[in-house]
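Let me begin by presenting the structure, written as structure tokens, before commenting on it.
Model, not experiment: these values are computed from the prediction. Residue numbers begin at 1 in each chain, while the letters A, B, ... track the order of the sequences.
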Amino acid sequence: MSEDGDDDTGPVAVSSPGDEDGNGDDRYAFWADEVADAVEARSPTEPVVIKGGISPSGVPHLGNVNEITRGYFVAEVLRDRGWTVRQVFTTDDRDPLRKLPRKLADLDGNIVDLGDVDAGALGRNLGHAYTDIPDPFGCCDSYGAHFSALIGASADLLGVPIDVVSTTELYESGRFDDVVEHVLANRDRAREVLGQYQDKVDADYAPFNPVCGSCGKITETVTGVDIDARTVAYRCTDIEAGERTIEGCGHEGEATFREGKLPWRFEWPAQWDVLGVDFEPFGKDHAEGSWPSGVDIAENVLGTDPPEPMVYEWFTLDDEPFSSSEGNVVLVHDVLETLEPEVLRFFFAKDPNRARDFSVERLDQLVDEFDRAERLYYDEETGTDDETRRADRVYPYLFDLDDVPDDALAAGDVTVDPAAFDHDDPDHRRQRRTFLDETFTDRVRLPYTFAAVLGMFDDEAARLEAARAQNHVTDADPDWAVTDAFERVALASEWATRTDNEYNYSVQRGSAPAVDVDDETAAALDELAGFVADGADGEAIQGEIYETAKRHGLDVGDFFAAGYRLFFDDDEGPQLGYFLAKLDREFVVDRLRRER
RNA sequence: GGGCCGGUAGCUCAGUCCGGCAGAGCGUCUGACUCUUAAUCAGACGGUCGAGGGUUCAAAUCCCUUCCGGCCCGCCA
């Protein structure tokens with residue numbers, strides 16, 4: 001993983017509690033198993049600490065969620081091996097706001113344009129720490145607190161337990177005092193080490209950025225350090241932020257170690273040290289930048305061991321890079337309106353080494369892939385050995401008791417409250433696994449695109465009827481499984497609406513689409529209209545469509561197409577007979593007669 | 001300039017670390033079910049594994065070179 005020539009990421013020796021991945025085949029079916037082995041090889045003390053973190057600079061998008069979910073899978077594997085794990089998430093909220101994002105989001109996850117909030121007020125806060133900037137929505141203590149709350153909510157939505165740790169809080173509480181003192185007391189060494197990685201480090205460089213006592217900006221020019229008093233003297237000078245310069249106010253003053261921050265290259269290793277981090281995944285951007293220097297700083301400035309690393313590739317959103325500042329974002333909140341949480345977790349369980357596109361257009365493919373993995377896990381389908389091994393290994397970690405209906409839990413004699421599920425409690429874990437392997441085998445999944453089709457029936461009974469007709473639901477299925485399965489209809493419908501794809505049909509109520517029908521088809525339509533007018537249920541109408549077409553010597557497919565054209569102005573649609581039965585009869589009859 | 005990750009069927013990707021007959025799903029095509037309408041089922045088509053060289057009895061897999069794509073070496077997942 002680390003490619004640094006001279007560090008000591010030792011050989012991976014398998015050890016410790018309940019090692020259980022040796023089934024005669026020692027290849028890794030799941031990347032998290034390999035990482036867990038490496039973490040165990042460090043002989044960590046409990047709780048094992050797994051970290052992630054971001055700056056709360058704006059909307060926490062799906063890419064940011066890697067920082068939560070990648071660590072989660074490793075945490076879960078370690079917990080299954082008997083380890084107690086703490087997953088922390090640092091919100092780097094003392095970082096300064098460098099650039100105004102184009103889009104923001106309220107606490108419910110609704111995206112709003114910058115122009116819809118007080119952009120001027122935000123603009124005046126460039127250069128200030130996120131926790132010192134008022135929340136543009138007025139609902140949280142600060143800008144930083146607002147977006148930290150959103151990322152915390154994203155984790156909750158995915159059922160991942162994290163301790164959110166505010167970096168500002170680490171400074172203000174004094175937890176960082178000792179490490180800041182150490183860095184500043186050894187600032188020559190710090191300069192020397194970081195200087196190997198960054199050209200801008202010169203003789204004047206001081207590894208601390210005080211908050212200006214006058215204008216409140218994070219400043220860079222330290223003019224003196226008093227270790228005993230735990231203060232630094234500074235002058236508030238201009239700072240560079242991308243192409244623009246944020247002007248300093250010129251104020252000269254003194255700041256304590258709690259009134260400022262370490263530069264990122266030092267702050268990250270300081271977090272490892274203070275929080276005792278054993279494993280941290282990070283994006284490819286850090287792999288060649290802050291990671292190598294962080295290792296060096298940890299070992300040679302702080303004198304601590306860096307955590308086990310893991311680099312993950314970035315995602316794109318419909319082939320475009322995610323960008324909080326550019327506004328190309330999608331929140332977990334949004335995604336969960338179209339996907340079950342287990343499917344989204346599945347996306348994050350894929351190989352981190354591979355760049356992936358989160359394609360909204362092709363969400364059905366992702367869901368199908370998940371469904372297949374699930375069937376492989378339950379031995380309801382056969383696949384290649386590799387596919388099966390992967391499914392067996394990965395699927396249990398996608399499941400969360402909170403995602404299934406209460407009566408399902410009751411049916412499985414689950415006594416733990418899903419909302420109070422303790423990932424470190426062996427009994428809770430056992431109950432979850434037992435439920436998964438026993439009760440949940442009765443679950444029902446409607447294929448995603450079929451669920452999208454069902455979305456056009458606004459009537460519950462009609463949906464059930466159609467699903468039964470296709471044998472997706474049978475009398476043998478427990479009620480909870482049927483209820484649960486139909487949850488997918490709302491998700492798939494939302495997807496169809498958002499992408500406006502071929503499942504987003506809408507009945508052309510206003511006026512009949514222009515349809516040219518030949519005489520024979522016209523006669524058949526009239527006859528069908530008569531049948532409908534006499535009153536018939538969906539199944540009867542469906543059958544009659546075939547019969548009518550045959551009587552008139554019409555191709556059944558063409559006749560259906562004529563029907564779809566009349567009602568949807570499209571060549572295809574839902575099962576027509578069932579669908580027409582659910583519309584008001586007079587309208588259907590008139591439309592079939594091309595009279596309205 | 002230096003580095004990281006990828007390139008395998010039309011599409012999405014497993015397989016590469018640890019060499020052993022090139023795989024899956026979707027799509028396409030054909031056929032069947034005397035109701036083909038997200039159909040379903042059966043079958044078929046589909047690949048110089050980016051390219052070249054090397055090691056080997058044997059290479060998608062290991063080594064060297066090279067091309068293409070994404071990214072990093074300010075801040076960023």
Check the pair A:Glu67, A:Tyr312 against side chain to side chain donor-acceptor pair (under 3.5 Å), reporting the backbone distance first and the verdict last. CA-CA 9 Å; A:Glu67 292 284 319; A:Tyr312 58 85; 2.5 Å; yes
Span that lies between the C1' atom of B:G53 and that of B:G6, in whole angstrom: 22 Å
From the set B:A77, B:A38, B:C75, return the single nucleotide nearest to any side-chain atom of A:Tyr312. B:A77
Closest nucleotide of RNA chain B for A:Ile54 versus for A:Arg354: which of these residues is on the 5' side? A:Arg354
Mind running a 4.0 Å heavy-atom check of residues 370-379 of chain A against RNA chain B and sending the residues that fall below it, in number order? A:Arg372
As its Watson-Crick or G-U partner within any shown strand, both distances under 3.5 Å, B:U28 has B:A44
Send over the distance from A:Asp285 CG to B:C72 C1', rounded to a whole Å. 8 Å
Say we look at B:U30 and B:C71: how far apart would their P atoms be, to the nearest angstrom? 42 Å
With the criterion being N/O to N/O and under 3.5 Å, what pairs connect the protein with nucleotides 39-42 of chain B, and how long is each?
residue	atom	partner	partner atom	Å
B:A39	O2'	A:Gln470	OE1	3.2

Comparing nearest nucleotides in RNA chain B, the 5'-proximal residue of the pair A:Ala355, A:Gln575 is A:Ala355
Using a cut-off of 4.0 Å on non-hydrogen atoms, how would the nucleic acid contact of A:Glu547 be classed: base, sugar-phosphate, or nothing? nothing
Give the nucleotide from the list B:A77, B:G74, B:A24 with an atom nearest to the side chain of A:Gln198. B:G74
Mind checking who B:C62 pairs with, Watson-Crick or G-U wobble, both distances under 3.5 Å? B:G54
